[in-house]
Each structure stands twice: as C-alpha cells, then as structure tokens.
Amino acid sequence: MAQGKTDLSIPKKVQENAALGLRLRDEHGFGGTEVGEHMAEKLAAGGDLSAEEVRHVAHYFPRHAHDNLDQTGEDGGKPSRGYIAWLLWGGDEGRAWSEKLTQELDRED
C-alpha cells in the first residue's frame, strides 16, 4: 500500500489484459500510443501504481469508451486498434479497478 489505506496493487486480471495488449500490439504493429504502451508495461509488470498513475488510468477510459472495442480478433480477423488500446490500459477490469480506486483516493483527500 503506497498511499493512505488504499491498496494500489495491480490486480492479476489487469496485468494479464495489459500483457495481452502488448502482445497484440507487437503482433499486429498497431493499437494504442507510446503512452499506452508505457502504461501497459507498468500494469503488466504488477506491483503498485502511484495514486497519480491510477488516476491517469481512470481518465483514459471515459475518453475511449466509444472506440471500436467489439473487434477482438476472436473471429480470425485482426483485432481493432481500439480493442488493443483498451487492453493496454487494463481492459474492462482496468477500468473498474482504476475508477473504484480513484473514488477511494478522492475520499482520502
């Protein structure tokens, strides 16, 4: 726990999603930005994020919820750029985790 009583450790599923995003980005050569790639490396490595980093992750999702997330590549085609980017930030689990933590951190402030 890095700040207050809020546990800022990265959940396993968030780590797995970020690692998958990195693999897909490497395999297909697209998806996300350098900032997203850097965050995915941090998320995939596990450990804790700072409170500022958690807020940064949480701010990503509302801005990109409209991206093409349905094209996962599971039908044999290429995954969409939006799907890969979403995974880089931890996927659906990353969104739920970072938004919940941001609310906790806001209460501590």
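Side chains are part of it too, since the values below use all heavy atoms of this structure and drop only hydrogens, waters and symmetry mates.
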> Closest heavy-atom contact between Ala18 and Ala40?
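That would be CB-O, 3.6 Å.
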> To check you understand the geometry: which heavy-atom pair defines the closest contact between Arg95 and Ala65, and what is its length?
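That closest heavy-atom pairing would be NH1-CB, 3.8 Å.
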> State the CG-CG distance between Asn17 and Leu43, to the nearest 0.5 angstrom.
9.5 Å
> Which distance, rounded to the nearest 0.5 Å, do you find between the NZ of Lys5 and the CZ of Arg107?
8.5 Å
> In residues 74-85, what donor-acceptor pairs under 3.5 Å come from side-chain atoms, sequence neighbours left out?
unit_1	atom_1	unit_2	atom_2	d
Asp75	OD1	Gly77	N	3.0
Ser80	OG	Asn68	O	2.3
Ser80	OG	Tyr83	N	2.9

> Minimum heavy-atom separation for Ser98 to Ala58, with atom names?
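Closest pair (atom of Ser98, atom of Ala58, distance): OG-CA, 3.3 Å.
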> Could Asp106 and Arg55 be called an ion pair, given the rule that one side-chain N must be under 4.0 Å from one carboxylate O?
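Between Arg55 and Asp106 there is a salt bridge, with a charged N closer than 4.0 Å to a carboxylate O.
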> Between side-chain atoms of residues 24-38 and protein atoms elsewhere (two or more places apart, or another chain), which donor-acceptor pairs fall under 3.5 Å?
unit_1	atom_1	unit_2	atom_2	d
Arg25	NE	Glu37	OE1	3.4
Arg25	NH1	Gly31	O	2.5
Arg25	NH1	Gly32	O	3.0
Arg25	NH2	Glu37	OE1	3.1
Thr33	OG1	Val35	N	3.3
Thr33	OG1	Gly36	N	3.1

> Using 0.5 Å steps for rounding, measure from the CD atom of Gln15 to the CG atom of Leu20.
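It is 13.5 Å, given to the nearest 0.5 Å.
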> Between CG of Leu87 and CG of Leu22, what distance do you get to the nearest 0.5 Å?
9.5 Å
> Less than 6.0 angstrom separating the ring centers of His59 and Trp89, yes or no?
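Not close enough - the centres of the two rings lie 6.0 Å or further apart.
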> If you round to the nearest 0.5 Å, how far is OG1 of Thr6 from NZ of Lys100?
9.0 Å
> Specify the closest pair of heavy atoms between Phe61 and Glu99, including all atoms of both residues, with the distance to one decimal.
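Residues Phe61 and Glu99, closest heavy atoms: CB-OE2, 4.4 Å.
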> Can you tell me how far the CD1 atom of Ile10 sits from the CG atom of Leu49, to the nearest 0.5 Å?
4.0 Å
